[in-house]
Amino acid sequence: MDKRYVLSQVMKTVFQGLLYISLFLTFFLLLSITNPQIITMSRTAATTMATFAILLFILTMVYGGYQIGVKKARSVFSSILIAILMTDIATYLQLQIMNVNPANNDRLILFGDDFWLFLLAMAIQVGLVYAFVWLGYRFYFKINPPQKCCVVASSQEQAEHIAEKVATFRQKYKLYDVVHYACADVQETILAHDVVFLAGIPDTEEAQLKSFCYKYGKTIYLLAELEDVIISTSQQSVIDDTLFLYMHRVEPTLIQRFIKRAMDIVISLIGLVVGSPLMLCAAIAIKLTSPGTLFFKQERATIGGKVFRIVKFRTMYRNACDTRAQSACVNDERITPVGRFLRKYRIDELPQLLNVLKGDMSIVGPRPEMLENVDRYTQEVPEFEYRKQMKAGLTGMAQIDGKYNTTPKDKVILDLLYIENFSLMMDIKLIMRTATIFFRRDSTEGFQTGRKARCPALRTQPIHPMVAEGTTHMNQTMPEDGTEGGIAIVTPTGDTIQVTRENRAKEIIMDASDLKRQEDASSPPETQPNQPAPEDECATKGVCAIGSHAPAGMALDPSLLDGQPTEPAPEDECATKGVCAIGGHAPAGMALDSSLLDGQPTEPVPEDECATKGVCAIGGHAPAGMALDPALLDTGSPSAATGQESTEHQKLDPELLSGANAAL
């Protein structure tokens with residue numbers, strides 16, 4: 001077993017035990033100053049201690065306990081704090097009720113001497129929770145450094161989406177590499193990392209990669225799709241001796257619908273009564289700070305696509321509310337100062353309790369979206385339509401675990417997870433968990449453009465295993481403007497791989513065949529040097545190869561550039577015309593230069609000069625028996641046609657080649 005894992009579990013167990021014991025002792029020792037019976041052998045002590053322990057256990061299951069290293073520190077702190085404060089309040093109320101007896105009080109006293117001790121106990125408990133969470137994370141990440149992560153995906157966009165999420169928990173994860181699922185070294189990449197994120201991979205390849213990760217003990221995070229949600233809600237069923245996953249759609253029963261509606265009515269009425277002072281203060285603040293109506297009404301969609309008018313406190317300036325519907329963004333200038341405060345603490349949504357009471361909404365359900373967003377999101381994510389299977393809600397899984405600016409696809413996944421797992425107990429749990437959103441700074445974060453976490457470019461080519469330390473591997477990508485030139489620089493450094501990017505890549509979704517074609521296209525063509533051929537063989541074949549020679553009296557035509565033989569022409573005809581055509585021939589002793597490419601006659605050059613220069617020009621001749629190497633086509637060294645000397649192994653000017661191609 002991994003040593004770090006054992007140390008982490010021991011540390012978490014010890015810290016969790018000390019924390020809960022400290023919280024228990026703080027409450028009972030302080031309140032025992034005025035209520036000594038709660039720490040003696042008495043019925044009151046047994047009842048209050050049992051109430052405290054049972055409630056704390058249940059609420060810990062609802063909100064999550066000392067999940068160091070699993071959740072962010074703020075989430076762990078808020079979860080434990082809400083659980084302990086609710087436990088304190090319930091236990092304190094029970095204690096005061098039990099104190100109504102002839103031996104103590106003749107009436108219920110909630111704000112006596114016990115109340116100040118109760119407030120002091122809660123204040124100390126807040127400090128204890130903060131201290132143990134801070135110490136827990138400090139020790140945990142001393143034992144466990146950030147895990148090396150890689151993303152295996154099919155597009156750069158998917159990789160960047162994951163990179164944004166990983167970047168929010170830098171203490172736990174560190175992203176080193178992003179690789180295409182069909183890349184040749186994908187398995188080697190997985191073995192070099194601790195955690196693997198899989199996204200957008202075809203089923204066959206995904207199954208192979210999951211099996212590979214399981215075999216080698218690698219932690220997997222699979223980006224959830226609709227089919228994954230359906231499978232996650234399945235039940236195990238053994239038929240004869242074979243295991244099946246039983247999946248079926250279950251609609252809420254009539255009893256469940258009745259109880260859910262009754263809960264909506266009761267909770268909305270209580271909320272309107274209890275929240276009325278807060279709603280009154282919000283109404284006064286809105287009226288005093290900005291002109292316009294008090295409420296904002298807008299059409300939203302609910303179960304079955306039914307349209308209703310939602311009611312909220314107005315948080316934007318009057319002119320902004322009159323314009324076309326648009327989701328709020330970061331630092332939105334349309335939002336008033338008072339509206340910003342109301343949005344942060346969700347006070348602007350309290351009037352929606354009227355919608356719940358009326359029956360347009362439920363307390364728990366998918367968040368009702370603007371009609372404009374519904375149409376747009378449904379085009380982007382067709383599964384968005386499935387949210388209409390349940391009545392829209394004031395709170396829900398997407399509102400609690402998501403954010404205001406959560407992507408449409410992620411909203412769909414969270415809402416479908418609730419719909420497929422619907423139960424009355426889940427509704428109660430989500431209602432209780434709603435309090436946690438007030439501790440999240442990003443829960444009301446607006447939409448913003450251009451916000452991207454640092455993400456390596458999607459790598460489609462393998463990193464050579466023998467790359468020396470300190471060298472780099474360049475990976476071509478497609479920049480945002482669609483032109484080629486973006487690169488990913490992968491630098492092996494000791495036991496790690498540093499990956500930096502230039503020009504963020506445009507999304508290109510590739511499958512294995514696309515990747516193979518890309519590799520074939522990027523491979524340079526193989527060329528073999530042309531061997532000299534005997535004069536008699538060359539004479540019979542016409543032209544032996546690209547760049548080869550022809551005997552005197554043979555005309556070279558453009559087919560020479562395709563490696564095809566040409567037909568000889570009478571010497572006397574060529575002698576009279578000088579040069580017969582582009583790529584044509586010249587009599588013995590005549591060198592062809594660049595003017596050949598224009599179809600103009602060339603001046604003869606003494607044969608001995610041409611013999612010493614080797615090759616006079618593209619399409620030119622060489623002394624009998626000399627074959628030209630095709631490597632002549634690969635460089636820009638001048639030839640005799642440019643007026644400079646060229647030997648047998650010198651190269652021809654590529655401009656001549658481009659001119660020949662243009663002429664063809």
According to the interplanar angle, ranging from 0 to 90°, do the rings of [X] and [Y] count as parallel (below 30°), tilted (30 to 60°) or perpendicular (above 60°)?
X: Phe28; Y: Phe24; answer: tilted
X: Phe197; Y: Tyr173; answer: perpendicular
X: Phe115; Y: Phe111; answer: perpendicular
X: Tyr377; Y: Phe384; answer: perpendicular

Whether over 12 other heavy atoms sit under 6.0 Å from Leu108 CG: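 Enclosed: over 12 neighbouring heavy atoms sit under 6.0 Å from CG of Leu108.
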Where is the tightest heavy-atom contact between [X] and [Y], given as atom of each residue plus distance?
X: Leu55; Y: Ala90; answer: CD1-CB, 3.3 Å
X: Ala199; Y: Leu223; answer: CB-CD2, 3.7 Å
X: Leu416; Y: Tyr386; answer: CD2-CB, 3.5 Å

NZ/NE/NH1/NH2 to OD/OE distance under 4.0 Å, [X] and [Y]:
X: Asp401; Y: Arg433; value: yes
X: Lys388; Y: Glu369; value: no
X: Glu380; Y: Arg376; value: yes

Partners meeting ring pair (Phe, Tyr, Trp, His ring centres under 6.0 Å) with [X] (sequence neighbours left out):
X: Tyr418; result: none
X: Phe422; result: none
X: Phe139; result: Phe15

Please tabulate, for side-chain N and O atoms in residues 353-366, each donor-acceptor pair with protein atoms closer than 3.5 Å (sequence neighbours left out).
{"residue": "Asn355", "atom": "OD1", "partner": "Val311", "partner atom": "N", "Å": "3.1"}
{"residue": "Asn355", "atom": "ND2", "partner": "Arg309", "partner atom": "O", "Å": "3.1"}
{"residue": "Ser362", "atom": "OG", "partner": "Lys260", "partner atom": "NZ", "Å": "3.3"}
{"residue": "Ser362", "atom": "OG", "partner": "Asp264", "partner atom": "OD1", "Å": "3.1"}
{"residue": "Ser362", "atom": "OG", "partner": "Asp264", "partner atom": "OD2", "Å": "2.9"}
{"residue": "Ser362", "atom": "OG", "partner": "Val364", "partner atom": "O", "Å": "3.4"}

According to side-chain hydrogen bond (donor to acceptor under 3.5 Å, both in side chains), who are the partners of Thr434, at least two apart in sequence or on a separate chain?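 Testing Thr434 for side-chain hydrogen bond (donor to acceptor under 3.5 Å, both in side chains), a comparison that skips the adjacent residues, returns Thr395.
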Residues in side-chain hydrogen bond (donor to acceptor under 3.5 Å, both in side chains) contact with Thr378, at least two apart in sequence or another chain: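 By the side-chain hydrogen bond (donor to acceptor under 3.5 Å, both in side chains) rule, Thr378 matches no residue at all.
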Quick one: do Glu225 and Lys409 satisfy salt bridge (charged side-chain N to carboxylate O under 4.0 Å, His left out)? Show the steps, please. CA-CA 9 Å; Glu225 302 289 347; Lys409 183 176 181 179; 2.8 Å; yes
Donor on one side chain, acceptor on other, Gln389 and Arg387, under 3.5 Å: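 No donor-acceptor contact under 3.5 Å links the two side chains.
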Using distance alone, with no hydrogens and no angle criterion, decide if Asp410 and Thr407 have a side-chain donor and acceptor under 3.5 Å apart.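 Looking only at side-chain atoms, Thr407 and Asp410 do form a donor-acceptor pair, the distance falling under 3.5 Å.
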Six-ring centre of Phe141, Arg138 cation under 6.0 angstrom, axis tolerance 45°: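 Relative to the ring axis of Phe141, which defines the angle, Arg138 lies outside at least one limit.
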Full working for ring pair (Phe, Tyr, Trp, His ring centres under 6.0 Å) between Phe438 and Tyr345: CA-CA 6 Å; Phe438 298 108; Tyr345 296 102; 7.0 Å; no
Between Phe313 and Phe296, does a ring pair (Phe, Tyr, Trp, His ring centres under 6.0 Å) hold up when you go through it step by step? CA-CA 6 Å; Phe313 279 125; Phe296 170 71; over 10 Å; no
